[in-house]
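Everything below concerns the one structure shown next.
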Amino acid sequence: MTLDSLNPQQRQAAATHRGPVLILAGAGTGKTRVITCRISHMVSRGIPPDQILAVTFTNKAAKEMLERVNEMLPRTRGEDGSKPARPTICTFHSLCVRILRQHIERLGYRRNFVIYDQGDQIAAIKKILAGIRDGETKTDPGAVLSLISRFRNGGSRAAAAFAEPNVRALAEHVAGRYESALRACNAVDFDDLILLVLRLFREHPDALAACRERFRFVMVDEYQDTNASQFEVVHALTRESRNLCVVGDDDQSIYGWRGAEIANLLDLEKHFPEVKVVTLEQNYRSTNLILRAANGVIRHNPRRRGKQLWSSKGEGEKVLLQCFSSDEEEAKTVVENIEYDRLGRGIGWTHQAVLFRTNLQARPLETALRQARVRYHLIGGQSFFDRREIRDFLAYLRTFQNPHDDVALLRIANTPARGLSDVTMERLLAASQERQCSVYTALRHTDVQASFAPRTAEALRRFHQWVEETRAPLEAGEPMSLERWADGWLEAVGYFAELRRTEKTAEAAEARWKNLSELLQDLDDPEGQKVTPLVLPADPPPLTVAAAPASAPSPPPAAAPRSHRLSRRPQERLDEFLERLALDQERTEDAEAGDAVTLITMHAAKGLEYPHVHIVGVEDGLLPHSRSKVEGTLDEERRLFYVAITRAQESLKISHCSGRRRYGQLLPCHPSPFLKELPPECIEDAASAGAAPVDSTAGHDLFAAMRAAIE
């Protein structure tokens, strides 16, 4: 493995293998290439691949990194035909799941624990709030969940937020009941995956020693985004070996609101005084005028590690600054500029992106794009796994995996209707709380059943019997197709008929059935090779299929799965399937959006790049957000602006309005103070640019491009 393709700073970072290393990678400086080359170079220098651990934050990043590393490493099998060892490249949560699957029984959990997603967590919080609120005050369960998450993960912001004794006492009380509720269901959430590993390391030093022996060389990507708990996990693993390499950029730390601690990167020398710092400043993405604009803004942050981005791509166009009277005028002009670029310069829609601070800013943009018949792609459509039929199906699977999962059981108990009304389930939930047991345990008690009317008691007995009979093949351990098994009980309970009954049109029912059918086919896929789209349009268009029959659609016969896929125990395969889905929490957008303009928030745009970028609504109160003045997060807002600027490759337009419509009224707005921090030599004012005459060469080229587009 040679490092000849890297620049001198990248080469230095990739060739430093032992001891603590901080790779300070500015925006667009090729950090992923450095990480993968470093791993490959380590292996070529004799470090065993299975001792290398690389941790990042998203499944997409981990998958891309693993693919690149696999291309670089030798593929020769051993003499016994075994596959060559490979580094462990995964997310924080995937790493912790691997550790907990081996050791969680030491903490009092069963090894087949389930992982709650946000919807399950909200349901658990609602149950807790129902038992403690006064009936008049309405509490947002999402806000409560966010509150206890910050409390449990700790960190500097949490310490400040919970300094007031009453607030802290409330957080402790709700967090305690929430943790007990999950523990009773043998369930963990994403915070638990980290926190339980830390508890394991504290209470069982031999487990920590085994992990240290397994992972002797640790790399962490996007280190500026780690929270206090994640830092503790990394520090525990590397405290003795000192072989820690972290890659990050303090100037791109924009997730403090969800617990990220920028101090983990800024204060690394406190924990590793001997750390070697390598700074990557050559940018491969943007032109120099764009980079100088970004450098000019971010240098106003007082506490940062200095760096000065530069590029070999030339100066490029100046950043265009525009002011509009209203957000409607702003949206209309942005669309006009996009169409001018398409017709006059041959720039397709897919090369254009519009960035904004809040989702509410997308409304006038969508209106203007639709009126101009411009295709667009709004990041943040409805997730595939948030669809009703998918959540129902996964709740069924989780009930068969673990009937004591109250959240899953309560969702499917009367879906489709089987005589177990909401009132019945509320009484069962109260009975379970009185007996301090799961709902499933409560519904099996004869005295609980006797407290209901005879018809309801019989419905409870039938439901219990059906759950036991349906999950029996999983525990029997005989080879079977999970797809055929699931198809059988879905048909038996009438779920397909329920889809047909509850949808207004046959096309909508067919679309929901196709979503479910797509997931069914993944059940017998042990490696997760088939890719299920995680995001679909919010309102799927009618499918071009023949008229649906009056009865519910029936699934096509499942193809006979390969025997090697069925050789392992069904319960084990189901556990892995549910674990894979639970860990894949990224809301990855549909890659088949085609030629369309991208609408995206600044937070969601981190890590992405676009040839032509429009940043709208750069106004005081939006950017920086009004909350930043109260919370003291002005520096993070400036970093967010910096991230937005550095998404642009070739051209950048920034706009603000003197009036913005809120609640039906046009309210006055003021330019963001960040605009004054842009270097004047990098900026071109739109008003003065419009007054300047067009030279003959530029005019000739423009009309030539327009004639070509028309022809």
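Note that the structure is predicted; figures quoted are calculated from it, not measured.
Residue Val335 comes nearest to Ala372 through the heavy atom pair CG1-CB, 3.5 Å, listed as atom of the first residue, atom of the second, then distance.
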Run the side-chain hydrogen bond (donor to acceptor under 3.5 Å, both in side chains) check on Thr415 and Asp392 step by step: do they pass? CA-CA 8 Å; Thr415 306; Asp392 287 347; 5.1 Å; no
Audit row: Asp524, Ser481, side-chain hydrogen bond (donor to acceptor under 3.5 Å, both in side chains) steps and yes/no: CA-CA 6 Å; Asp524 289 318; Ser481 164; 2.8 Å; yes
Might you work through the side-chain hydrogen bond (donor to acceptor under 3.5 Å, both in side chains) test for Tyr116 and Asp405, ending with a clear yes or no? CA-CA 10 Å; Tyr116 274 13; Asp405 181 346; 2.5 Å; yes
Steps toward ring-ring contact (aromatic ring centres under 6.0 Å, His included) verdict (His603, Trp257): CA-CA 11 Å; His603 281 100; Trp257 49 276; 5.5 Å; yes
Between Gln121 and Tyr178, is the side-chain hydrogen bond (donor to acceptor under 3.5 Å, both in side chains) condition met? List the steps. CA-CA 9 Å; Gln121 293 173 266; Tyr178 172 76; 3.1 Å; yes
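Between Trp489 and Tyr396, the distance separating the two ring centers is shorter than 6.0 angstrom.
Looking only at atom types and distance, the side chain of Asp191 has a donor-acceptor partner in the side chain of Ser149 under 3.5 Å away.
For Arg418 and Trp466, the positive end sits near the middle of the six-membered ring, less than 6.0 Å away and at most 45° from its axis. In this structure, Arg387 forms no cation-pi arrangement with Phe393, as its terminal cationic atom is not both closer than 6.0 Å to the ring centre and no more than 45° off the ring axis.
Distance alone, capped at 3.5 Å, places no donor-acceptor pair between the Arg342 side chain and the Ile347 backbone. Listed for the Gln230 side chain is a donor-acceptor partner under 3.5 Å among the backbone atoms of Asn227. A donor-acceptor pair is defined here as one N or O able to donate and one able to accept, closer than 3.5 Å; no such pair exists between the side chain of Thr456 and the backbone of Phe452.
Other residues, nucleotides and ligands place no more than 12 heavy atoms under 6.0 Å from the CZ atom of Arg363.
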